Protein chains: 2
Amino acid sequence: MGKSKFELKTPKGTKDWDGKDMVIRDKIFSTITQVFKRHGGVTIDTPVFELKEILAGKYGEDSKLIYDLADQGGEICSLRYDLTVPFARFLAMNKDITNIKRYHIAKVYRRDQPAMTKGRMREFYQCDFDIAGVYDAMLPDAEVLRIICEVFEGLGWNKAYTIKLNHRKILDGIFQVCGVPEDKIRTISSAVDKLDKLPWADVRKEMTEEKGLDAEVADRIGEWVVHKGKHELLDKLRNDPKLSANPSMQAGIADLSLLFEYLESFDVLDRVSFDLGLARGLDYYTGLIYEVVTEGSAPESTPGAVASAAAAAPAPKRRGKGGEDDDRSNDPTVGVGSVAAGGRYDNLVGMFSGKNQIPCVGISFGVDRIFSITKARMAADKSAAPVRNNEVDVYVMAFGGKGFVNERLSVCAKLWEGGIKAEFLYKVKPKVPQQFKAAEANGVPFAIFLGDDEVAQGNVKIKEMGLRDGHPEKEGILVSLDKMVDEVKTRLERKKTLESVVQQAEGLKVVDGIKTEDAPAASDAAEAAPSTTQ
Amino acid sequence: MGKSKFELKTPKGTKDWDGKDMVIRDKIFSTITQVFKRHGGVTIDTPVFELKEILAGKYGEDSKLIYDLADQGGEICSLRYDLTVPFARFLAMNKDITNIKRYHIAKVYRRDQPAMTKGRMREFYQCDFDIAGVYDAMLPDAEVLRIICEVFEGLGWNKAYTIKLNHRKILDGIFQVCGVPEDKIRTISSAVDKLDKLPWADVRKEMTEEKGLDAEVADRIGEWVVHKGKHELLDKLRNDPKLSANPSMQAGIADLSLLFEYLESFDVLDRVSFDLGLARGLDYYTGLIYEVVTEGSAPESTPGAVASAAAAAPAPKRRGKGGEDDDRSNDPTVGVGSVAAGGRYDNLVGMFSGKNQIPCVGISFGVDRIFSITKARMAADKSAAPVRNNEVDVYVMAFGGKGFVNERLSVCAKLWEGGIKAEFLYKVKPKVPQQFKAAEANGVPFAIFLGDDEVAQGNVKIKEMGLRDGHPEKEGILVSLDKMVDEVKTRLERKKTLESVVQQAEGLKVVDGIKTEDAPAASDAAEAAPSTTQ
């Protein structure tokens with residue numbers, strides 16, 4: 001076992017997650033999962049690699065970004081590029097599943113070329129929720145939008161986000177009426193999709209010069225795609241004689257009209273903006289499309305620690321359902337990016353199963369972007385307590401020269417038995433300051449002291465860390481071993497309640513549950529009043 | 001978007017997880033995570049692939065099972081083979097981390113050759129907990145053994161498992177005293193490792209014929225490796241003049257003696273068996289080694305649904321820290337297999353960092369095996385209620401011809417707002433039996449009815465599913481919309497308490513929390529007494 005000579009690193013475009021970043025990310029996952037479950041979501045787990053032919057022909061020119069496994073004999077496989085295609089493959093394979101609300105939180109892989117990387121990760125998380133099944137129009141779609149709102153409210157964003165939405169059939173109607181040839185509709189739609197990054201003049205140029213669209217047609221499109229609104233924009237479309245005569249447009253208007261009604265009942269209509277400039281890149285969308293933007297999602301505000309995911313030069317826009325895909329670029333002309341995106345795709349399952357078509361609608365949350373924003377907000381919130389690395393409730397300490405190692409183990413066993421999170425120092429005769437340092441380094445809220453007197457009498461001393469002078473329990477309280485677990489539980493419960501009251505009173509709502517007690521004063525170690533000699 | 005021609009499947013050795021299997025597996029993960037956190041564990045997340053050279057030279061002849069990524073330009077990478085080597089790489093890279101209790105639950109990849117597969121998965125989960133840092137002897141080791149016990153108690157195995165343990169230094173002492181040449185010690189240790197699968201005669205044959213060991217030396221080894229015990233076996237070693245004079249043996253005896261003392265304090269000494277026949281395959285262990293066996297882990301008892309993970313022919317034994325590795329073989333002479341395994345490895349981090357050595361001790365739980373046993377036990381437990389696919393609390397239904405779609409959406413929004421898990425049927429005018437069918441298919445415990453009278457008066461009817469005739473709330477109770485959330489919460493809480501009391505009374509303890517209410521009687525749909533016409 002000799003020394004290694006090569007550079008110690010993770011592969012390009014990948015990273016380790018640990019420490020407080022991991023805690024924050026876990027909390028985001030659990031908030032999102034909680035919402036998904038509240039809506040009856042079930043999760044599935046698909047392999048990280050698929051047969052190469054499953055992915056073939058699904059991602060257009062971005063197929064070159066797919067990671068392949070080496071041909072070591074046998075099947076040829078590739079790492080998954082997103083979670084949507086594996087979900088469609090799963091539905092096509094399991095013919096007994098005709099409807100499902102599934103969520104999937106997992107890593108996907110995109111092998112960006114060096115020139116394109118600009119800080120994009122090659123391994124990153126997607127967080128998807130999709131509703132598959134034949135249902136009445138817009139009911140699942142409305143619930144997905146409600147889910148989006150619950151996720152961001154759960155993350156404490158407090159309405160600081162907007163769901164931009166549009167309908168493929170409405171876009172198609174506009175293109176048809178404006179005179180876009182049928183075979184150019186998808187490519188012109190892709191050009192419109194760049195409107196959130198580029199000014200209209202550039203998009204128009206792409207349409208006419210690159211894609212050969214008639215300039216007059218482009219100008220007619222330009223008049224429509226700048227509009228945003230809600231019911232009044234629907235009325236504007238209805239009142240245009242040419243548009244309202246278009247069957248695709250009629251279908252789209254009927255859908256959105258119904259959707260707005262349902263969103264009103266779901267109490268989230270105020271969160272959406274009907275935006276004719278939203279097109280979404282992926283070909284497979286067939287109906288409603290949406291993406292979520294927030295002022296806070298501007299890459300400029302991303303803190304240094306995550307700068308690698310938001311580099312400073314513009315990058316070509318990625319296609320993909322995941323919100324984070326489209327928005328890691330950092331075009332200086334753009335102040336907002338999306339943090340989630342999705343839409344209705346009624347034909348994807350049929351690409352695998354042929355006749356068995358299952359309509360789907362879904363949302364993908366861009367966890368990397370949401371993480372960056374959440375972390376930046378927490379850093380900006382001066383009143384917020386530091387994030388703890390672990391969740392330990394009690395640090396079990398020995399006072400005096402004997403170390404009481406077996407007594408500490410026995411006390412820990414009792415605490416664990418009672419479901420209490422506890423640690424002790426892995427030393428037979430630990431020094432008192434060492435134990436305090438370990439406890440305080442992580443803001444452990446309670447300590448249990450074992451000294452000569454306590455051990456002789458079958459007692460322990462429970463001390464809350466960081467109490468102010470004069471607090472009746474400042475010096476800790478003596479309890480017998482058999483009452484220890486209950487006493488600790490009572491105090492933990494009380495502390496939790498108190499913190500939640502304080503938090504409500506301050507009107508703070510960062511990420512629910514991440515806030516913790518201030519780290520106890522470093523002077524605790526010195527102040528602690530052991531009942532025995534040290 | 002045409003039809004595809006190729007076979008729809010997941011790659012060989014991989015599978016999708018969904019439905020009740022996924023629910024059970026998630027519950028196992030959450031039970032294990034809960035224990036890890038109780039001991040102050042923090043989690044890290046490393047990339048699914050590593051630079052190929054990181055994995056090189058770590059797995060001996062099994063390196064051929066490593067999956068490589070295709071060379072698409074740039075770095076050459078491989079999928080991780082376990083979680084231990086990436087952890088050691090992580091520690092070596094992060095020199096500021098000198099100690100950590102880390103857990104990691106993630107997939108690993110082993111490309112078994114077709115002849116070797118015999119039902120082994122190529123993608124499977126490992127569930128690792130490791131304690132890294134320079135500490136006093138056997139304290140972290142003892143805590144890892146305590147953690148093992150808490151995991152299996154948490155899974156409801158109720159002491160139906162044994163931790164077999166041994167010490168590399170004791171084994172080495174025996175080999176040295178018996179006269180094994182220094183350069184044959186590791187290979188002879190590997191032969192001993194097969195004692196749980198093969199009779200001594202076969203192992204002896206391997207030692208003498210394959211590995212060229214002197215027959216007398218083999219026989220001397222044979223006298224020792226059959227012994228099992230605890231303190232009395234330690235005494236037996238101490239009382240042998242030759243063995244007790246061996247320095248390696250002395251160090252091993254001192255460690256185990258201390259360990260037994262600590263396990264006594266941790267109240268888990270009764271769970272361990274000191275077994276001189278346990279050797280563990282991996283070279284990197286340097287001290288204590290252990291694996292967990294259970295009678296229930298016999299592959300023969302594995303139900304058909306998971307038979308692919310426990311095929312019927314013997315397979316060569318795999319090396320690896322993970323317990324499931326060694327035990328997917330199904331040698332008919334073997335009735336038990338291990339469900340978790342690990343040990344102390346003090347030199348692995350130094351393979352990457354050179355001088356910065358960090359001693360580690362850890363455990364890897366074999367989730368696939370644990371899943372199979374848990375599922376089989378649940379299936380065998382006739383009194384256990386079926387596992388639910390999702391966790392929905394309330395199904396919101398319309399009675400009467402109007403469908404009340406917006407009223408249902410509004411009621412759902414209120415329930416979700418109150419943190420209650422709720423669903424409704426995605427139909428504008430759903431039929432009553434359809435709604436009952438959907439609710440009952442998943443054993444939803446409560447329904448909320450909206451009929452003409454309820455809607456007119458701003459009320460809803462809350463009905464607990466499956467109540468017996470004569471129950472005072474059999475017909476449901478009428479509450480106003482603004483009291484609905486509180487009333488549902490009260491009933492959910494009451495039902496939960498009642499179920500936990502019943503469960504305790506029955507002395508049942510399968511997987512905590514998986515048990516749920518019996519699916520309501522199918523006759524509910526017919527019996528339901530709507531206040532309005534249907």
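Keep in mind that this is a model prediction, so the values were computed, not measured.
Counting heavy-atom pairs closer than 4.5 Å to chain A, the top-ranked of the candidates B:Gly419, B:Pro430, B:Gly57, B:Gly133 is B:Gly419. Your options are B:Gly41, B:Gly73, B:Pro86, and the one with the most heavy-atom pairs under 4.5 Å with chain A is B:Gly73. Contact count against chain A (heavy-atom pairs under 4.5 Å) is highest for B:Asp68 among B:Val392, B:Asp68, B:Thr14. Contact count versus chain B (heavy atoms, under 4.5 Å) is highest, among A:Val405, A:Asp267, A:Asp71, for A:Val405. The choice from A:Leu69, A:Val268, A:Asn390 that makes the most heavy-atom pairs within less than 4.5 Å of chain B is A:Leu69. Here B:Lys9 is the residue among B:Arg408, B:Glu50, B:Lys58, B:Lys9 with the most heavy-atom pairs under 4.5 Å with chain A. With respect to chain A, the highest number of heavy-atom pairs below 4.5 Å among B:Glu261, B:Lys427, B:Lys429 belongs to B:Lys427. Ranked by heavy-atom pairs shorter than 4.5 Å toward chain A, the options B:Ser78, B:Cys412, B:Ala422 are led by B:Ala422. Of the listed residues (A:Ile76, A:Ile131, A:Val411), the one with the most heavy-atom contacts under 4.5 Å to chain B is A:Ile131.
Here side-chain hydrogen bond (donor to acceptor under 3.5 Å, both in side chains) pairs that include residues 410-422 of chain B, with residues two or more places apart or in two chains, are A:Arg146-B:Glu417.
Just one residue in the list A:Arg38, A:His39, A:Lys101 forms a side-chain hydrogen bond (donor to acceptor under 3.5 Å, both in side chains) with B:Glu423, and that residue is A:Lys101.
Heavy atoms closer than 4.5 Å to chain B are found nowhere in A:Ile100, neither backbone nor side chain. Looking at A:Lys37, both its backbone and its side chain come within 4.5 Å of chain B, counting heavy atoms on both sides. With a 4.5 angstrom heavy-atom cutoff, A:Leu79 touches chain B only via side-chain atoms. Only the side chain of B:Asp26 comes within contact range of chain A, judged by heavy atoms closer than 4.5 Å. Interface residue A:Met22: only side-chain heavy atoms are found under 4.5 Å from chain B. Contacts between A:Ile66 and chain B at a heavy-atom distance below 4.5 Å involve the backbone alone (N, CA, C, O). For a residue to count as touching a neighbouring chain, one of its non-hydrogen atoms must lie under 4.5 Å from one of that chain's; by this rule A:Val134 touches chain B with the backbone only. Interface remark: B:Ile420 contributes backbone atoms only to the contact with chain A (heavy atom separation under 4.5 Å).
Considering only heavy atoms from C-beta on, B:Ile97 comes within 4.5 Å of A:Asp18 through its side chain. Proximity of B:Arg89 to A:Thr10: side-chain heavy atoms (C-beta onward) are separated by under 4.5 Å at one or more points. Residues A:Leu409 and B:Glu143 fail the side-chain proximity criterion, which asks for heavy atoms closer than 4.5 Å. With contacts defined as side-chain heavy-atom distances shorter than 4.5 Å, the pair A:Asn406/B:Tyr262 qualifies. Put simply, the side chain of B:Glu7 does not reach to within 4.5 Å of the side chain of A:Leu51, judged on heavy atoms.
Closest of all the heavy-atom pairs between A:Ser265 and B:Ala413 is O-CB, 4.2 Å. Shortest non-hydrogen contact noted between A:Pro47 and B:Glu123 is CA-OE1, 3.1 Å. Among all heavy-atom pairs drawn from A:Leu8 and B:Ala92, the shortest one is CD1-CB, 3.6 Å.
Listed by sequence position, A:Tyr135, A:Asp136, A:Leu139, A:Pro140 are the residues of residues 135-142 of chain A in contact with chain B, using a 4.5 angstrom heavy-atom cutoff.
By the 4.0 Å N-to-carboxylate-O rule, B:Arg25 lies close enough to A:Asp45 to be salt-bridged with it.
Around CD of A:Glu407, the count of heavy atoms belonging to other residues, nucleotides or ligands within 6.0 Å exceeds 12.
Here A:Phe424 pairs with A:Tyr426 under the ring pair (Phe, Tyr, Trp, His ring centres under 6.0 Å) rule; sequence neighbours left out. Partners of B:Phe87 by ring pair (Phe, Tyr, Trp, His ring centres under 6.0 Å), not counting sequence neighbours: none found.
In this structure, CZ in A:Phe49 is found 6.5 Å from OH in B:Tyr109, a value given to the nearest 0.5 Å.
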Going through the distances and angles, do A:Arg122 and B:Glu75 end up as a salt bridge (charged side-chain N to carboxylate O under 4.0 Å, His left out)?
CA-CA 13 Å; A:Arg122 291 176 160 200; B:Glu75 298 162 344; 5.8 Å; no

